[in-house]
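See structure below.
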There are 2 protein chains.
Amino acid sequence: MDLLNKDGLTEREFLEQYRAGDYERPSVTTDMVIFTVTEEEADSYRKLPEKELRVLLIRRGGHPFLGKWALPGGFVRPNETTEQAAVRELSEETGVEDVYLEQLYTFSDIGRDPRTWVISCSYMALINSGNLEIKAGDDAADAAWFKVSFRPLREQKELIEDGYIKTLEYELRLSSEEEELTAVVAKTMTTKTTSTGTDYEIVSNDGLAFDHAKIIACAIERLRGKVNYTDIALHLMPKFFTLTELQQVYEVITDKELLKAAFRRKVADLVAETDHYTENAGHRPSRLYRRNWRIDDDL
Amino acid sequence: MDLLNKDGLTEREFLEQYRAGDYERPSVTTDMVIFTVTEEEADSYRKLPEKELRVLLIRRGGHPFLGKWALPGGFVRPNETTEQAAVRELSEETGVEDVYLEQLYTFSDIGRDPRTWVISCSYMALINSGNLEIKAGDDAADAAWFKVSFRPLREQKELIEDGYIKTLEYELRLSSEEEELTAVVAKTMTTKTTSTGTDYEIVSNDGLAFDHAKIIACAIERLRGKVNYTDIALHLMPKFFTLTELQQVYEVITDKELLKAAFRRKVADLVAETDHYTENAGHRPSRLYRRNWRIDDDL
DNA sequence: GGAATAGTGTCTGTGAGACACTATACT
DNA sequence: AGTATAGTGTCTCACAGACACTATTCC
């Protein structure tokens, strides 16, 4: 195909003479929301340990936001995709190589980075609790797993000209052994006759860098949404697990208690029995399950 | 807060002396998948016209991909967000101001633009058929609405070491009055014990520029997924519509026939009766409905 | 035996799929 | 009267919520 453009050039000639324009370009970064599930020691040795949803944060060692906590991430380099950058960051930060990775959303608010024009393509990663020994290292001043709590705080509905605005405020609370960070994120849904839009906004923020409260909120909402109609939660499980453990993971993600019988029916197709059982638990042993390859993996 | 970094600078001092590094930066564009629904004239004047799902494409007037069809889009400028860029493009291309807009996915494959390093943040827009008079203009050499067909072509499952790979091939067929474009897009889902990943790939492509076949496939999948559990389809409807029209829109999006009674039950809460009826249709008139503001707008 | 969890059985209500039936304007 | 669509009633089946009951190990 040798079509000529208005300057009489073929595509090959055009590309050879092409010079990237002098338009200003943004920096592009990836930010990673890395979730895992840990166990909190129970008060009685006979009781089961409680599960916690945790997210990895890194304390910033330089300006801006010096001393604040941020999501792991970094600049996307030439000749790599945003996803490859995410994989690279993940490996640098946690040493984990093979995890569930999903693109979340691209944030581009002006001024989101006080230094310069930075667009961030965010990813969510799920690491199974078995791989958790690895703690982040070299690059960052300090890294820690923060327990996640994300609860609705306030709801408001306001009528406007030809529709309404619904605002939902969530409290995001992140706690590590030493520190507790709190932010309030407002989700604003504008519904008009013709259009609809959703917008996130940080109402208050104590201890998180950049717009990372928003990104974490976005990740939690995605995770909560997907838990109920995909097998995504299984990526947070070790190779063998009990159904009660799996149920606890569902509960800690959705922040809702579930009924045992119904839960077991629901996940029946996602898991496969093994012939192994837990031992020395102080009570009846529990059958161990493993992940089952689903026949109908639609998403 | 006057923390000093390792060079002894406060955050303000740091920002004042900060110069954007000489790292290479990508260009960032937005590409828009703009859907609407049109009516095809029926063979008999008494029959109802058939609905069609259509997408707006623009014929490229310069290299690369001269003469091929591309999604409307353009570079994101400094001091605007990707979303603002999308709104701007949409307005330039169609004149429409107030529509449903949703971020889809950010594409960053290396070499996706033969000129230079370009990352594209894609958006989906839904325009109601009432606003359709506006046809694209000035900027583009040529613009047209293409009827969309997106059907599964082939399915394959392959076992690997510790999991399996499922490949789903879709045929994307886009037809305007003058032209027909065809592409085959493969969706590859890799499921392993630890990780899971989904990847799109263009198998064949006749007439579409860049990786836009992928972006359109992504948009159709999103639209199909959301139709069944949100009121997203109502953004494709004019202010007043009949339930049969709404049903046809659902059918044309999902490519499935629905049962009338069940459909009406399902959308009952999304619409509100009016006292108006269709007229002179050659048969019994139909009640007109309008969109209803949902009480529980979760997404 | 008591504590704690594992695991199963079943009732009930809701809602989607399927199908049949009635209603009504326009030619 | 005939055509084409509008709109409703109801049966059935699947399934989730709710709750109760039995089972099993360890101390």
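Below, all heavy atoms of this structure are taken into account, side chains as well, without hydrogens, waters or symmetry copies. Naming convention: chains lettered A, B, ... in sequence-line order (proteins, then strands); numbering from 1 in each chain.
Applying the side-chain contact (heavy atoms from CB on, under 4.5 Å) criterion to B:Phe263, with sequence neighbours excluded, gives B:Leu246, B:Gln247, B:Tyr250, B:Leu258, B:Val267. Partners of B:Glu177 by salt bridge (charged side-chain N to carboxylate O under 4.0 Å, His left out), not counting sequence neighbours, listed by chain and number: B:Arg54. In this structure, B:Arg264 has no salt bridge (charged side-chain N to carboxylate O under 4.0 Å, His left out) partners at least two apart in sequence or on a different chain. A search for ring-ring contact (aromatic ring centres under 6.0 Å, His included) contacts involving B:Phe146 returns B:Trp69, not counting sequence neighbours. Residues forming a side-chain contact (heavy atoms from CB on, under 4.5 Å) with A:Thr278 (at least two apart in sequence, or on another chain): A:Thr242, A:Pro285, A:Ser286, A:Leu288. The salt bridge (charged side-chain N to carboxylate O under 4.0 Å, His left out) check on B:Glu251 picks up nothing, with sequence neighbours excluded. Every residue meeting the salt bridge (charged side-chain N to carboxylate O under 4.0 Å, His left out) condition with A:Glu39, not counting sequence neighbours, appears here in chain and number order: A:Lys51. For the side-chain contact (heavy atoms from CB on, under 4.5 Å) test, residues two or more places apart in sequence or in another chain that qualify with B:Val184 are B:Leu153, B:Glu169, B:Val203, B:Ser204. Residues passing the side-chain contact (heavy atoms from CB on, under 4.5 Å) test with B:Ser149, sequence neighbours excluded: B:Arg151, B:Arg173.
Remark: the B:Arg265 side chain and the D:dG9 base include no donor-acceptor N/O pair separated by less than 3.5 Å.
Side-chain N/O atoms of A:Thr244 include none lying less than 4.0 angstrom from OP1 or OP2 on C:dT5. The side chain of A:Asn280 places an N or O atom within less than 4.0 Å of a non-bridging phosphate oxygen (OP1 or OP2) of D:dC26.
When the C1' atom of C:dT5 is taken as reference, atom CZ of A:Arg264 falls 10 Å away, rounded to whole Å. Atom NE2 in A:His276 sits about 18 Å away from atom P in C:dA6, given to the nearest Å. Rounded to an integer number of Å, the gap from CG of A:Asn228 to P of D:dC15 is 17 Å. Atom CG in A:Leu246 sits about 17 Å away from atom P in C:dT5, given to the nearest Å. When the P atom of C:dC26 is taken as reference, atom CD of B:Glu279 falls 8 Å away, rounded to whole Å. Separating the CZ atom of B:Phe241 from the C1' atom of D:dA6 is a distance of 16 Å, rounded to the nearest angstrom. Straight-line distance from the NZ atom of B:Lys266 to the C1' atom of D:dG7: 19 Å, rounded to whole Å.
Remark: A:Lys266 NZ is packed, more than 12 non-hydrogen atoms of other residues, nucleotides or ligands lying under 6.0 Å away.
Within residues 250-262 of chain A, the residues that place at least one heavy atom under 4.0 Å from DNA chain C are, in residue-number order, A:Lys260, A:Ala261. Residues from residues 282-289 of chain A lying near DNA chain C, meaning a heavy-atom separation below 4.0 Å, are A:His283, A:Arg284, A:Pro285, A:Ser286, A:Arg287 in numerical order.
Ring orientation note: the planes of B:Tyr170 and B:Phe150 are close to parallel, at an angle under 30° on the 30°/60° scale.
Bending across the helix from C:dG1-D:dC27 to C:dT27-D:dA1, expressed as the angle between its end axes from five pairs apiece, amounts to 10° (10° rounding).
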